[in-house]
Structures are given as structure tokens and as C-alpha cells.
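Given the structure is predicted, the values throughout are model-derived calculations rather than measurements.
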2 protein chains.
Amino acid sequence: MVKKKDLTTEEKILDAARKVFIEKGLDGARMQDIADRAGINKAMLHYYFRNKEKLFEVIFQEVASRLFPKMVAIMSSDLSLFDKIRQFTHDYLETVMENPYLPLFVLNEVNKQPEVFVKNMFGNQMPPVLILVNQIEAEIKEGIIKPISPLHLIINMLSLCIFPFVSKPIIMQTMNMDELQFRNIIEQRKTQIAEFIIESIKK
Amino acid sequence: MVKKKDLTTEEKILDAARKVFIEKGLDGARMQDIADRAGINKAMLHYYFRNKEKLFEVIFQEVASRLFPKMVAIMSSDLSLFDKIRQFTHDYLETVMENPYLPLFVLNEVNKQPEVFVKNMFGNQMPPVLILVNQIEAEIKEGIIKPISPLHLIINMLSLCIFPFVSKPIIMQTMNMDELQFRNIIEQRKTQIAEFIIESIKK
DNA sequence: GTCTATAACTCGATAGAC
DNA sequence: GTCTATCGAGTTATAGAC
């Protein structure tokens, strides 16, 4: 196991900042809190990252770029629609299960600054969602799946993947669940979501 | 139309506070901002609600109790499962479309204080979700629907309803949508979600 | 009840020694 | 690079006149 001692100061700061920002959000996070968890002095935060906003920006970019590119790649791949759905849902749940609080964190910040986000994520290239839209339309035409609005289908898939994490505390509390049981539910969903969707659209 | 003049000071404060808290969250909200939007002095906020936290608590309870009881009633009603799904999805989307930012607001605060929330919402009575679980199990036994985990089915229904609002800015930006187009999508989903679910579970 | 003025405090940021 | 000490802006909260 890697101890704190082995990390550079910069790494210690980033580790602490990631935790605090994800837990508290930009407004709720305290530089003192980050410094304490990193085991260093508050002044060091400014020495390395100049100010709170810059530090947050680094964390957000790091987190978002860990989350999106993989999914975009699947959406743009040349798999059949059914296999795409299977792989996307499976991989997404696997990725996020390691950091269940990431989705809410990202959604919050995107809601506060919508324009900035999308620009940074996709640049000027055609959003990969459109590729998927085209594929869905094609498979409808070929008679592989029932007619359905591509946009709704995509929203449905994302909803089924992401929402359980966003509502994790509600699910756990109302169903009297512990952490392990929640992991189990997600584990089941890795295959169930795809089945659920495909069952609804297959001919 | 009702003018500000006709409202009591307390109502003016609550209206302003609701907007600001929902938009900025507890940490991001400023008492000065609330006072300005209410058209009164900052000191009045404390006169009526003692402090920021107390004011927030009032708003949160008010918002949550506007959102949940109706849904709970549908879940506990004696409709058939298919009709329940149809009515729940339709009514939920209708209710939330008036305040698209409510879900994220509620989810955020629940994530920060999970225990408090569920206690306040359901008290000691059996969570209405369990009633729905029983009904789903019964309809599976009767052969009306395919075997499916009741819990997953409920999570799926909630996901499909709520997530589009939570990810509103992402959807709008990536699909190049304006406010009206988004409303249209939600309008379509009022019937599409139920169809999508039923198509997947019907025999 | 409502206002002005200000106290009390939190927190991000900086200065400066080592 | 790292620390201690402190500043100063911004915010919540209160005192006190009307």
C-alpha cells in the first residue's frame, strides 16, 4: 500500500481536494479542510494552485476526463446497437461504482456553468451522441428494432445508468440497505439494464 | 396577477428564499441576495426566521412535501400495475416541469443529510415503496408480467422520470436545444416512459 | 415591524521568516 | 518548499432607533 509519505506535496493536495470538493461542492469546500486532510499547511495550497477556483478547476477536469472519454469511445465504436447498449451500461456502472459520488458532483457543476462544460468536453467535434442517433435511426429502418425516438432511447439509457448513484442515499434509506447490498444492486444492473432496454425495443 | 404588494413580508421572504436556495444551494445562497429579491431589508430575514439554516429548513420541507405526498399516494393506490406506472410517470413529469430544478436541489440536500431526510418524509409508517414491491411480486405470480426484480423496476421508473431534469443542461447543450424544445421532450415522455417500461415487462 | 449601522466571525489570500 | 502570523473582504447576525 502507498503511504502518504511517498506522495509529493502536490499529489497529497490533489487527493485531499478531490475528496473535499466531491463531498462538499465548490461552495461548501474549505481550503482549511483540504489542507488538514492533506496533512500540510493552508499556505501550500496557494503556493501550488494559486487560488481555490484554480484548484477546483484542476480537480473537475481530472474527474470529468476520467469519466467521459471512455463512454464517448463506446458510443462511437462500430458495435451493433444491442452490443453497444450492453457494453456502455456495463462499463459505465463499473467505472462509477469506484466513485459513486462522481455523477452528482459533475451534474451540479454542469448545472452552474453549462456552457463552459460542454465546450471543454467535446470541443468543436461533432458530439458522439449524434453518431449514436444515426445508428439508431438506421437500425429502425432496417427493421432490427421497433420505431422509437433515438433521443428518448439515449436519455433512457443514461437515466438507468446514472440515476441510481445520484439517488443512492434515498435508495439505501428507504430500502434499509447497507453499502454491500447497494454494491450488489449495481452489480445486478450491469446486465439487467441492457436486458431491460433491449426487451423494450427488440422486434 | 398577484403583485408583490399583496403578499405579507413573510411570504415575500419565502418566495425569494425558495428561488435563491434552489438556484444556488445552501452554501451558495446569500442572505443579502434573498433580501434584495424580496425587496426588504436583510435584518427582516432574521426577525422572521432567526438564521439562515432555519430559513433553509423551512424551504426544504415545503418543497419536499410538495413533491412527495402525491407520488406516495399513487404508489399506495389500488390501480393495476400498468395504470400505476402510467399515472405515476405522467403526474411526476407534470409536477416537476413547473420547477425543473427541484430534483437536483432535493437530491443534493438528501445526499448531505440522508438520515434526517427519510425520517422527516416517512416517519414511522411503512415506506410506500414496499406496497409497490408487493404488488409487483403479486402480478409476476399471477403471470401478468415477466419476472423482474421489483426493486430494479421501481428504480428504473424513477430513473426515467427524474434523470432528464437533473441532466437538463447537458441534454440541452449536447443536442443544441432551447427551452421550448426541452419542454417538448418532457411532454413526449409523459406517455413514452410508461410505454417503454410496459413494453419491457409485459408478457 | 422595519430600518440603519455595526458587531462578530468565517475564510481565502498574502507577507515574510526559515 | 514550508511554515506562522495576519490581513482584509465578504457574510451572518445583532443592537438599537423609529
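Regarding F49(B), its CZ atom lies at a distance of 16 Å from the P atom of dT14(D), rounded to whole Å. Rounded to an integer number of Å, the gap from OH of Y48(A) to C1' of dA13(C) is 18 Å. One interatomic measurement links the two molecules: NZ of K42(B) to P of dA15(D), which rounds to 15 Å at whole-angstrom precision. Going from atom CG of L45(A) over to atom C1' of dG1(D) covers 13 Å, rounded to whole Å. Atom pair I13(A):CD1 and dC3(D):P shows a separation of 10 Å (rounding to whole Å applied). Rounded to an integer number of Å, the gap from M31(A) CE to dA9(D) P is 19 Å. Atom CG of D36(A) and atom C1' of dC3(D) are 14 Å apart (whole Å). Protein atom CG of N41(B) is 17 Å distant from nucleotide atom P of dA17(D), rounded to whole Å.
For the atom pair F105(B) CZ and L26(B) CG, the distance stands at 8.5 Å (nearest 0.5 Å).
Contact annotation for M44(B): base contact, defined as any heavy-atom pair under 4.0 Å involving a base atom. A29(B) comes within 4.0 angstrom of the backbone, heavy atoms only, and of no base.
Considering only side-chain atoms of K52(B), the nucleotide from dT12(D), dT14(D), dA13(C) that sits closest is dT12(D).
Side-chain contact of N184(B) with Q188(B): a donor-acceptor pair under 3.5 Å is absent, judged by distance alone. Q61(A) and E57(A) form a side-chain donor-acceptor contact under 3.5 Å, judged by distance and modelled atom types alone.
The neighbour count for R66(A) CZ, taken as heavy atoms of other residues, nucleotides or ligands under 6.0 Å away, is above 12.
Put simply, H46(B) has no side-chain N or O that comes within less than 4.0 Å of OP1 or OP2 on dT14(D). Within the structure, a side-chain polar atom (N or O) of R30(A) is placed less than 4.0 Å from OP1 or OP2 of dG12(C). Not one side-chain nitrogen or oxygen of Y47(A) sits closer than 4.0 Å to the OP1 or OP2 atom of dA13(C).
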Practice item. Starting from the C-alpha separation in whole Å, work towards a yes-or-no answer on salt bridge (Lys or Arg N to Asp or Glu O under 4.0 Å) for D33(A) and K24(A). Key: CA-CA 11 Å; D33(A) 191 3; K24(A) 305 278 181 66; 3.4 Å; yes
